[in-house]
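Okay, here's the structure, questions in a sec.
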Protein chains: 2
Amino acid sequence: MAEITTTVTQTLEALLDSKKYGTLKDILVTLNGADIAALLSELPHNRISLLFRLLPKELAAETFVEMEPDVQEDLIRSFSDSELKEIVDELYMDDAVDLVEEMPSNVVKRILAQAEPETRRLINEMLKYPEDSAGSIMTTEYVELRPDMTTEDAIKHIRRTGIDKETVNVCYITDERRRLIGAVSIRSLILAPEDNTMDQIMEPNVISVTTQEDQESVAECFAKYDFTALPVVDGEGRLVGIVTVDDAIDVLTDEATEDMEKMAAITPSDKPYLKLSVWSIFKSRIPWLLLLMVSATFTGSILTHFEGALASCIVLVSFVPMLMDTGGNSGGQASVTIIRGLSLHEIEFSDIFRVIWKEVRVAVLCGVALAVVNFAKLMLINHVGFSVSLVVCLTLVATVFTAKVVGCTLPILAKKIGFDPAVMASPFITTIVDALSLLIYFAFARMLLGL
Amino acid sequence: MAEITTTVTQTLEALLDSKKYGTLKDILVTLNGADIAALLSELPHNRISLLFRLLPKELAAETFVEMEPDVQEDLIRSFSDSELKEIVDELYMDDAVDLVEEMPSNVVKRILAQAEPETRRLINEMLKYPEDSAGSIMTTEYVELRPDMTTEDAIKHIRRTGIDKETVNVCYITDERRRLIGAVSIRSLILAPEDNTMDQIMEPNVISVTTQEDQESVAECFAKYDFTALPVVDGEGRLVGIVTVDDAIDVLTDEATEDMEKMAAITPSDKPYLKLSVWSIFKSRIPWLLLLMVSATFTGSILTHFEGALASCIVLVSFVPMLMDTGGNSGGQASVTIIRGLSLHEIEFSDIFRVIWKEVRVAVLCGVALAVVNFAKLMLINHVGFSVSLVVCLTLVATVFTAKVVGCTLPILAKKIGFDPAVMASPFITTIVDALSLLIYFAFARMLLGL
């Protein structure tokens with residue numbers, strides 16, 4: 001894929017050098033906006049605006065919204081005021097709001113200055129919605145119909161206004177106070193008799209979200225109900241915008257990435273890795289490393305406490321890595337499974353005892369299996385002796401048990417008290433389990449080896 | 001949410017007890033299939049079929065496909081042949097194929113026996129596609145138009161046949177040999193003059209996938225291009241089906257879950273956690289625990305090798321947990337970031353040196369920050385002494401450095417040689433980094449403490 005891109009960009013640059021603009025335009029119009037944006041990002045910045053100007057208006061807008069913010073900023077700086085106005089007028093409202101959110105303030109000033117007064121007003125209104133809410137990802141270009149319209153009227157209305165809408169696949173019916181009372185699919189409109197009215201053919205039980213709703217639960221609505229668009233209402237039930245499925249897909253992808261980062265003890269960021277500065281990556285990782293390092297020294301102090309026991313039976317030390325690693329891996333397996341289950345709403349707080357009971361049984365099976373294999377290895381290969389092998393293997397069973405119980409319980413409890421369960425993942429659980437497993441280790445050693 | 005569900009199911013059961021079937025039906029038809037399926041799953045099995053029979057045909061099919069396989073199986077066993085036929089005839093092809101894949105063979109025999117011959121033929125054909133390919137998730141109910149059709153003809157065609165299609169939002173134009181030559185959105189059809197022909201208004205550069213394409217790259221197409229449907233062609237370029245965006249969302253969710261499970265050293269499964277048996281969870285976890293335990297014993301043997309050094313300076317032992325945990329956390333941060341970047345195609349193999357250079361600089365910053373804090377703590381709080389503190393802190397810097405370089409490199413190399421990079425995550429990297437960091441630890445101890 002990278003090789004094909006290099007070849008294509010070489011061709012584009014060669015055509016640019018020989019000023020074959022007609023050929024270039026013919027090539028570009030066969031492509032999709034997302035692909036053109038990907039190709040342009042491989043070119044040097046001074047060439048991007050040259051190629052961009054060859055695109056017809058609609059394709060130019062499609063391409064513009066798919067570009068990375070730094071490329072968008074460069075392009076805007078290269079635009080004349082009228083070129084900027086053309087792009088801004090073509091953008092759908094949610095893309096215009098996204099753009100304004102990403103650009104530095106002097107660029108934003110130019111954008112708003114070129115926008116129509118109505119557009120400017122809407123952008124400013126939508127910027128007021130909380131970050132990552134339905135209001136911040138919705139768009140205002142939807143089809144709105146009246147309940148007394150006939151099918152014939154409705155289709156005429158769509159013919160007149162449909163070109164500017166984000167989607168016409170679902171249309172919304174509102175009453176005289178703009179309150180949302182129904183939805184009708186374009187399919188139903190086409191299939192219905194011409195004289196039926198909207199209130200006869202619409203679906204009155206419309207699932208909607210409020211402007212304040214978190215984008216994550218909006219995206220989950222799409223995953224659950226198979227919609228292509230979801231209406232957004234204000235506190236009075238008035239229709240103010242729609243969220244389309246493509247935005248929901250972006251939210252789902254971002255939320256999954258965020259969960260993975262939290263589970264690895266990283267503060268999530270919303271930029272692609274290669275666009276992040278070394279300093280920002282450092283800042284997203286160091287707080288957790290410091291916190292976890294300090295709590296790991298607590299585990300170390302347990303070893304200090306038992307220095308005497310270790311010194312008198314130094315072979316005990318060599319099993320510490322295996323015990324700690326196995327505890328960490330066991331806990332990680334349980335916690336990641338539960339965290340993902342909570343995130344997909346397959347597990348709720350009320351399931352906590354079912355989950356613990358299941359993990360207890362899995363832990364016993366895993367612990368015994370590991371202990372048996374380890375016991376055989378210690379006795380037959382390492383020739384360590386019965387008592388020491390027993391201490392190690394009993395600790396192994398106890399470690400796996402503790403790890404899985406702690407690993408499945410902490411995320412559920414965290415969610416119950418309002419924390420993000422993804423933070424209660426392997427790094428934190430490992431710290432707790434390490435300490436517990438060392439205490440158990442030395443307890444068994446004391447019991448069975450008389451230390 | 002759980003509390004509301006309990007209240008609603010109590011109401012439903014009460015109405016069932018008093019045989020108020022009309023009221024029940026009135027309630028159910030206001031709901032969406034996904035919600036009805038969720039409610040029914042809370043009821044005892046003998047009541048589910050009673051409530052299910054109250055649903056009108058289309059809503060019954062919508063609800064049926066949203067149910068868990070075990071509930072579907074029970075329902076089918078309770079159906080008469082004609083009731084089964086009604087459901088099967090209502091299903092879209094991709095849902096019918098999913099059902100047949102999940103049911104035991106005696107139930108499948110009944111389903112196929114009740115299906116229309118054409119449906120039976122199509123199901124059998126689609127079952128032949130590789131698991132998790134475009135062919136296995138596509139459906140055959142799409143709108144197909146001829147290039148010489150006028151807009152008026154096309155809309156008449158949709159009026160006649162549209163009721164049975166999975167979607168009419170995008171229509172596909174094929175030539176006389178059924179090869180895909182263009183696509184037209186319903187919006188373009190409505191907005192176009194009545195006498196325009198399809199080949200005039202269609203988009204000829206249609207992005208499509210083959211039946212063999214992996215479902216993950218199909219889903220990525222949706223994320224990239226903002227489609228609501230994607231056509232599927234065979235080896236000859238003939239249109240054989242479409243994938244709709246709701247299926248793509250399910251695939252994206254499943255693939256993210258799979259990646260998280262692999263990164264936690266679990267063999268992925270495709271059932272919700274609470275539906276998995278203890279034995280199957282055990283089987284998905286124990287191979288990795290065994291493998292990682294055995295490789296951790298290698299790390300333990302390094303400690304055995306340096307038993308003498310440890311015995312003579314026992315305080316060195318207490319820092320081993322902190323060094324190993326910090327190495328594991330640092331490596332995990334790097335590897336998860338890179339694995340997700342590879343998965344979202346934000347990072348390619350050709351970026352490997354940029355990635356390593358970035359991680360090296362982050363590692364130096366993190367390592368030095370951690371070492372400084374730790375040094376201060378060791379000298380001022382633990383009173384450990386300058387030489388030992390130096391050994392520990394130098395090892396800390398080296399550990400973090402090694403961890404991040406190994407953590408960012410292994411996933412990229414794994415992908416290059418064809419392995420799933422998600423497997424090269426924290427558990428494996430921790431094992432490698434632990435061993436290296438202990439070797440470095442004792443090298444520094446030997447150098448600076450003369451052991």
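Proteins get letters first, then strands, A, B, ... in listed order; numbering begins at 1 in each. Since this is a predicted model, take the numbers as computed values, not measurements.
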Task: Option in A/Gly332, A/Ser330, A/Gly341 with maximal non-hydrogen atom pairs under 4.5 Å from chain B - done: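 Among the listed options, the one with the most contacts to chain B is A/Ser330.
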
- [ ] Please look at A/Val245 and chain B and tell me whether the side chain, the backbone, both or neither of the residue comes under 4.5 angstrom of a heavy atom of that chain.
- [x]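 For A/Val245, the contact with chain B is made by the side chain alone.
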
Task: Minimum side-chain heavy-atom gap A/Val362-B/Arg285 below 4.5 Å - done: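 Side-chain contact under 4.5 Å: yes.
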
Open item on the list: For a quick test of reading the model, state the closest non-hydrogen atom pair linking B/Ser318 to A/Leu303 and the distance between them.
Closed with: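 Scanning both residues, the minimum pair turns out to be CA-CB, 4.0 Å.
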
- [ ] Answer yes or no: is there a side-chain heavy-atom contact under 4.5 Å between B/Val355 and A/Leu274?
- [x]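 Heavy-atom side-chain distance check passes, below 4.5 Å.
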
Task: Check: B/Ile266 and A/Thr337 side chains under 4.5 Å, non-hydrogen atoms - done: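 Heavy-atom side-chain distance check passes, below 4.5 Å.
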
TODO: Can you tell which part of A/Lys165 gets under 4.5 Å to a heavy atom of chain B, answering side chain, backbone, both or neither?
DONE: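 Both parts, heavy atoms under 4.5 Å.
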
Open item on the list: So which residue, A/Thr304, A/Ile314, A/Thr326, ends up with the most heavy-atom pairs under 4.5 Å with chain B?
Closed with: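 Top option by heavy-atom pairs under 4.5 Å: A/Ile314.
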
Open item on the list: At a 4.5 Å cut-off on heavy atoms, which part of A/Ala334 comes close to chain B: side chain, backbone, both, or neither?
Closed with: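 Both backbone and side chain.
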
TODO: Measure A/Ile186 against the heavy atoms of chain B and call it side chain, backbone, both or neither at under 4.5 Å.
DONE: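 Just the side chain, heavy atoms under 4.5 Å.
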
- [ ] Let me know if A/Ile339 has heavy atoms under 4.5 Å from chain B in its side chain, its backbone, both or neither.
- [x]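 For A/Ile339, there is no contact with chain B at all, as no heavy atom is under 4.5 Å.
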
Task: Shortest non-hydrogen contact from B/Lys358 toward A/Val278 - done: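 Heavy-atom minimum between the residues: CG-CG2, 3.9 Å.
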
TODO: Identify which part of A/Thr228 has an atom lying under 4.5 Å from any heavy atom of chain B, answering side chain, backbone, both or neither.
DONE: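 Side chain only.
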
Open item on the list: Are the side chains of B/Asp226 and A/Glu66 in contact, using a 4.5 Å heavy-atom criterion?
Closed with: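 Side-chain contact under 4.5 Å: yes.
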
Task: Interface residue of largest heavy-atom contact number with chain B, from A/Asp434, A/Thr244, A/Thr257, under 4.5 Å - done: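 Highest number of pairs under 4.5 Å: A/Thr257.
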
Open item on the list: For the interface with chain A, which of B/Ile155, B/Leu290, B/Thr299 has the highest count of heavy-atom pairs at distances below 4.5 Å?
Closed with: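 The option with the most such pairs is B/Leu290.
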
Open item on the list: So for B/Ile302, is it side chain, backbone, both, or neither that comes closer than 4.5 Å to the heavy atoms of chain A?
Closed with: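 Contact with chain A involves no heavy atom of B/Ile302 at all.
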
- [ ] Below 4.5 Å from any heavy atom of chain B, which atoms of A/Glu359 appear? Answer side chain, backbone, both or neither.
- [x]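 When you check distances to chain B, atoms from both the backbone and side chain of A/Glu359 fall under 4.5 Å.
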
Task: Contact origin within B/Val315 toward chain A - heavy atom pairs under 4.5 Å - done: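 Both backbone and side chain.
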
Open item on the list: On a heavy-atom basis, which atom in B/Asp250 and which in A/Ala223 lie closest, and how many Å separate them?
Closed with: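 Nearest heavy atoms, B/Asp250 then A/Ala223: OD1-O, 4.2 Å.
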
Task: Heavy-atom contact with chain B under 4.5 Å, split by part of A/Leu276 - done: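 Backbone of A/Leu276 only, per the 4.5 Å heavy-atom cut-off to chain B.
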
Task: chain A interface, residue from B/Thr253, B/Thr430, B/Leu438 that has the most non-hydrogen pairs under 4.5 Å - done: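 With the most close heavy-atom pairs to chain A, the winner is B/Thr253.
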
Task: Any side-chain heavy-atom pair of B/Leu365 and A/Ile286 under 4.5 Å - done: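 No, side chains not in contact.
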
Open item on the list: Tell me which of these, A/Leu396, A/Thr167, A/Asp246, has more heavy-atom pairs under 4.5 Å with chain B than the rest.
Closed with: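 Of the candidates given, the most pairs with chain B belong to A/Asp246.
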
Open item on the list: Are A/Ile281 and B/Arg361 packed together at the side-chain level, in the sense that at least one heavy-atom pair is separated by less than 4.5 angstrom?
Closed with: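 Of all side-chain heavy-atom pairs linking B/Arg361 with A/Ile281, none is under 4.5 Å.
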
Task: Gap separating the CG atom of A/Leu342 from the OH atom of B/Tyr273, nearest 0.5 angstrom - done: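 OH of B/Tyr273 is found 10.5 Å from CG of A/Leu342.
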
TODO: Please round to the nearest 0.5 Å and tell me the distance separating atom CD1 of B/Ile249 and atom CD of A/Glu220.
DONE: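 Output value for this atom pair is 11.5 Å.
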
- [ ] Determine the option with the most heavy-atom pairs under 4.5 angstrom with chain B, choosing from A/Arg160, A/Met260, A/Arg159.
- [x]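 Heavy-atom pair counts peak at A/Met260.
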
Open item on the list: Looking only at heavy atoms and a cut-off of under 4.5 Å, which of B/Thr431, B/Asp35, B/Asp247 has the most pairs with chain A?
Closed with: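 The candidate making the most pairs under 4.5 Å is B/Asp35.
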
Task: Option in B/Ser188, B/Ala296, B/Ala369, B/Ala192 with maximal non-hydrogen atom pairs under 4.5 Å from chain A - done: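 Most pairs with chain A among the choices: B/Ala296.
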
Open item on the list: Heavy-atom pairs under 4.5 Å with chain A: which of B/Glu62, B/Met293, B/Met263 has the most?
Closed with: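 Looking at each option in turn, the highest pair count goes to B/Met293.
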
TODO: Find the one option among A/Gly33, A/Gly162, A/Ala311 whose heavy-atom pairs under 4.5 Å with chain B are most numerous.
DONE: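 Highest number of heavy-atom pairs under 4.5 Å: A/Gly162.
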
- [ ] Could you check if a side-chain atom of A/Met324 sits within less than 4.5 angstrom of a side-chain atom of B/Val320, using non-hydrogen atoms only?
- [x]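 They are not in side-chain contact.
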
Task: A/Leu323, part contacting chain B, at a heavy-atom distance under 4.5 Å - done: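 A/Leu323 has no heavy atom closer than 4.5 Å to chain B.
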
Task: Part of A/Lys404 within contact of chain B (heavy atom distance under 4.5 Å) - done: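 The side chain, not the backbone.
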
Open item on the list: Quick check: do A/Val168 and B/Asn169 have side-chain heavy atoms less than 4.5 Å from each other?
Closed with: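 Side chain of A/Val168 against side chain of B/Asn169, heavy atoms only: no contact under 4.5 Å found.
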
Task: Side chain, backbone, both or neither of B/Asn32 within contact of chain A (heavy atoms, under 4.5 Å) - done: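 Answer is side chain: those atoms of B/Asn32 sit under 4.5 Å from chain A.
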
- [ ] Please report the C-alpha distance between A/Ile163 and B/Leu191 in whole Å, then the side-chain angles of each, then the deciding distance to 0.1 Å, and finally whether the side-chain contact (heavy atoms from CB on, under 4.5 Å) criterion is met.
- [x] CA-CA 8 Å; A/Ile163 189 76; B/Leu191 296 176; 3.9 Å; yes

- [ ] For B/Gln333 and A/Ala264, work out which heavy atoms get closest and say how close.
- [x]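 Where B/Gln333 meets A/Ala264 most closely, the heavy atoms are CG-O, 3.3 Å.
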
- [ ] Sort out for me which of B/Val400, B/Leu31, B/Ile158, B/Asn374 touches chain A most, counting heavy-atom pairs under 4.5 Å.
- [x]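 The candidate making the most pairs under 4.5 Å is B/Asn374.
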
- [ ] Work out which heavy atom in B/Lys224 is nearest to a heavy atom in A/Ala34; give both atom names and the distance.
- [x]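 Minimum heavy-atom separation between B/Lys224 and A/Ala34: O-CB, 3.6 Å.
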
Task: Taking every non-hydrogen atom, the tightest pair across A/Val29 and B/Asn205 - done: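 Shortest heavy-atom contact: O-ND2, 4.1 Å.
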
TODO: To the nearest 0.5 Å, tell me how far A/Leu370 CG sits from B/Leu289 CG.
DONE: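 Nearest 0.5 Å value for the CG-CG distance: 5.5 Å.
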
TODO: Examine whether an atom of A/Leu252 lies under 4.5 Å from a heavy atom of chain B, and if so say whether it belongs to the side chain, the backbone or both; otherwise answer neither.
DONE: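 For A/Leu252, the contact with chain B is made by the side chain alone.
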
